Chemist: 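Dropping the structure in here first, questions after.
Predicted, not measured: the structure shown is a model, and the values here were computed from it. Counting starts at 1 for both ligands and their atoms, following the listed order.
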Amino acid sequence: MKKSRAHFPRIKPIAYEGPGSANPLAFRHYDPDEKIDGQTMSAHLRFSIAYWHSFRGMGADPFGPGTIQRPWEKGPDPVSIAQVRMDAAFEFFAKIRAPFWCFHDRDIAPEGRSLAESNRHLDRIVAHAKDLQRATGVKLLWGTANLFSSPRYMCGAATNPDAHVFAYAAAQVKKALDVTKQLGGQNYVFWGGREGYETLLNTNLKREQDHLAAFLHMAVDYAKSIGFTGQFLIEPKPKEPTKHQYDFDVASGVAFLRTYGLEKHFKFNIETNHATLAGHTFNHEIEVAAAQGMLGSIDANSGDLLLGWDTDQFNTDVKELTLAMTSILRAGGLGRGGFNFDAKLRRPSIDPEDLFLAHIGGMDAYALAFRLARRILAEGKFEDFVAARYASYDSGFGRDIEKRRVGFRELNKLVLGKLGEPKPRSGKQEFLENLLNAYLH
Ligand code: XUL
Ligand code: CO
């Protein structure tokens, strides 16, 4: 493979300089090579770069076009541009020292005039990606298909009222699974961008949900038939672009998967800004997935609580991330998932350098949260408090309740007899909030 010229010539691979560093182009908390419990920090955190935001997002919004400057965006035809863009992307992945990347099919290769032509474009770019993965050591965390941008998907893909569109989406996902496998993808994500409705006046909700389930079963069957062993992930989001999306949040996702017998094949890819759009905290969504053994991966970003849409900002809120990381580590980590920066620069952040500064901030905040969460769990103060709070279920009639060995009659007898009135105990919320703050400051 010929060596391409540098697209970020003034930026060297980002080094770890420690918390005292004032260098904006250095890590203060993320030391990729540091060994923790026999594993590098890079292997613990499994950071990933989202191709769509970092290499396709140009800052366009409903009020104006893109502003962001990307000097490599030129060439004789869209496939050549896609190739050069990918050189720039892998140079960035290596310099920011992220071990993984993620993409949608249409992020990396332009859509053609037919599905066959789109597939040919994809094949050319995937061959290039394979070379670049080999040359840099960067791996694919997950692949996915864009089933939401094309006008053909305006009324959904798997939930489209027209079976022809369903069939087209199936063919597109078949190809996306093929190329994700070719690139060694460790997961495959389903985000139901337009799998929902704008109005119930024109919608058969039950049929649409049945169709979505049929689609996911077909994906499971196809993956098995080609020997794709990556983990399937559902990424819940309540709304935007549609008024209501069926994979609203983790709880509705769990109900959907169990209803249709899909629960063994899927875990969740939880995105911070999607959690808050659903009226939950990031940590709530992690806990709901962890309680089901279905915590898969994270789309790392944050929203703006004063705005009602998905702003996909880089998350530098150490408190929010420490709570999240504590729950993730307590649940045993993300396994083959990772932390994918599904986050974009603000529209006026137009320099290529801003891409580095944004990711450094996000990676450092997660790395600091990781260090703090490890300390919190090692000291066990919250674990001990919570264990003590539920201790009445560890023995006696409490244990019988958990084991379902007693019913209303037995409990009624106990309360009327020796138990009498329960003694209230403080929930100690403020004590615990102060305890958390002592770790953060
Ligand atoms: C959209 C979003 C997607 C998914 C992948 O809000 O998060 O980019 O992560 O389709
Ligand atoms: Co996402």
Chemist: For Phe266 and Phe232, take the angle between the two ring planes, folded into 0 to 90°, and tell me which bin it lands in: parallel under 30, tilted 30 to 60, perpendicular over 60.
Modeler: tilted

Chemist: Within the 4.0 Å heavy-atom shell around Lys237, which atoms of ligand 1 are there?
Modeler: 6 (O)

Chemist: Side chain or backbone, does Asp299 bring an N or O within less than 3.5 Å of an N or O on ligand 1?
Modeler: yes

Chemist: Write out the residue and atom name of the closest protein heavy atom to atom 5 (C) of ligand 1, then the distance separating them to 0.1 Å.
Modeler: His104 NE2, 3.2 Å

Chemist: Any N or O on Thr144 sitting closer than 3.5 Å to an N or O of ligand 1?
Modeler: no

Chemist: About how many Å separate CD1 of Ile226 and NZ of Lys174, when rounded to the nearest 0.5 Å?
Modeler: 8.0 Å

Chemist: By number and element, which atoms of ligand 1 are closer than 4.0 Å to a non-hydrogen atom of Asp310?
Modeler: 6 (O)

Chemist: Evaluate Asp312 for polar contact with ligand 1, using N/O atom pairs at a separation under 3.5 Å.
Modeler: no

Chemist: Which atoms of ligand 1 sit under 4.0 Å from any heavy atom of Glu235?
Modeler: 2 (C), 3 (C), 4 (C), 5 (C), 7 (O), 9 (O)

Chemist: Charged N to carboxylate O under 4.0 angstrom, Asp61 versus Arg346?
Modeler: no

Chemist: In terms of relative ring orientation, are Phe8 and Phe92 parallel, tilted or perpendicular, with 30° and 60° separating the classes?
Modeler: tilted

Chemist: In terms of residue, atom name and distance, what is the protein heavy atom nearest to atom 8 (O) of ligand 1?
Modeler: Trp52 NE1, 3.2 Å

Chemist: Do you know which of Asp310, Asp312, Asp299 makes salt bridge (charged side-chain N to carboxylate O under 4.0 Å, His left out) with Lys237?
Modeler: Asp310

Chemist: About how many Å separate CD1 of Ile234 and CG of Leu262, when rounded to the nearest 0.5 Å?
Modeler: 7.5 Å

Chemist: What atom name does the N, O or S atom of Glu271 nearest to the Co ion (ligand 2) carry?
Modeler: OE1

Chemist: Is the positively charged end of Arg152 above the ring of Tyr168, judged by distance under 6.0 angstrom from the centroid and angle within 45° of the axis?
Modeler: yes

